[in-house]
Structures are given as structure tokens and as C-alpha cells.
Amino acid sequence: IYVDDGLCFLLMKLLDVNISPDLLLSSIGLIGVMSENDSYARDALICNEIHFNLIELVSKTDNVEVINASCEALSHVFE
């Protein structure tokens, strides 16, 4: 799997507290899985600054599931 800018930008748009919680959690989970399993994907996500979007998301929500999922995804991004 190759991650291009289009997918990264799509994920950035999906990291919004105003979208469906299920879609938000799925998007965060995808970031974690991609980061955990593919160094190219991890590099693409970092270059597109997805980690900043995750951090901003955590600061804007009080949803514990979203916070935990974001922290887990961040840990995979920086493994």
C-alpha cells in the first residue's frame, strides 16, 4: 500500500469533532494501523503533519474514546 497526499489530506479532513463519532474513530484507527504496519505510510503521515491534527483533536474533545484512540495512534506514528 502506498499512501499519497490525497489520502493524507482526506484523513486530515476526517479528524474533526463535528463528524460522526464512528467515522472519527475509524479514521483514527486507520492512522494507527497504517503507522504500525508501514514505514512509508508513517513517513507520509508525519510529512503531512497528521500528528498535529491528532493533538489538536484531543484538545478539542472530551470524548474519552477519541482521546484514547488518538493517543494510541500517536504512539504508533512515533514508534
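Starting from 1, each residue takes its place in the sequence as its number. Only this structure's heavy atoms are used, side chains among them; waters, hydrogens and symmetry mates stay out.
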Query raised in the report: Judged by atom type as modelled, is there a donor-acceptor pair below 3.5 Å linking the side chain of N48 to the main-chain atoms of I50?
Result: no
Query raised in the report: Any link between I55 and L24 through a network of hydrophobic side chains (Ile, Leu, Val, Met, Phe, Trp, Tyr) touching at under 4.5 Å?
Result: yes
Requested in this report: Would you kindly confirm whether V64 and L23 end up in one hydrophobic cluster when ILVMFWY residues are joined by side chain heavy atoms under 4.5 Å apart?
Outcome: no
Query - Short side-chain to backbone donor-acceptor contact, T61 and L57, under 3.5 Å - result: no
Query - ILVMFWY network linking M34 to F78, side-chain heavy atoms under 4.5 angstrom - result: yes
**Report entry** Considering all heavy atoms, the nearest G32-H76 contact
**Finding:** O-CB, 3.7 Å
Query raised in the report: Measuring from N53:CG to K13:NZ, what's the distance to the nearest 0.5 Å?
Result: 12.0 Å
Query raised in the report: Only one of I67, L54, N68 clears side chain to side chain contact (heavy atoms under 4.5 Å, CB included) with I28; which?
Result: L54
Query - Distance (rounded to the nearest 0.5 Å) between F52 CZ and L15 CG - result: 14.0 Å
Report task. Ignoring hydrogens and angles, tell me if any N or O in the side chain of S59 forms a donor-acceptor pair with the backbone of E56 under 3.5 Å. Result -> yes
Query raised in the report: Any side-chain heavy atom of L25 sitting closer than 4.5 Å to one from V66?
Result: yes
Query raised in the report: Heavy-atom count around E72 CD within 6.0 Å, excluding the residue itself: above 12?
Result: no
Report summary line: Smallest heavy-atom separation, E79 atom then R42 atom, equals O-NE, 4.3 Å
Report task. Find out whether H51 and I46 are in side-chain contact, i.e. whether some heavy atom of one side chain is under 4.5 Å from a heavy atom of the other. Result -> yes
Query raised in the report: Going from OG on S26 to CD1 on I31, what distance comes out if it is rounded to the nearest 0.5 angstrom?
Result: 11.0 Å
Requested in this report: Look up atom OG in S27 and atom CE in M12, then write down how far apart they are to the nearest 0.5 Å.
Outcome: 13.0 Å
Query - Shared hydrophobic cluster for V58 and V17 (ILVMFWY, side-chain gaps under 4.5 Å) - result: no
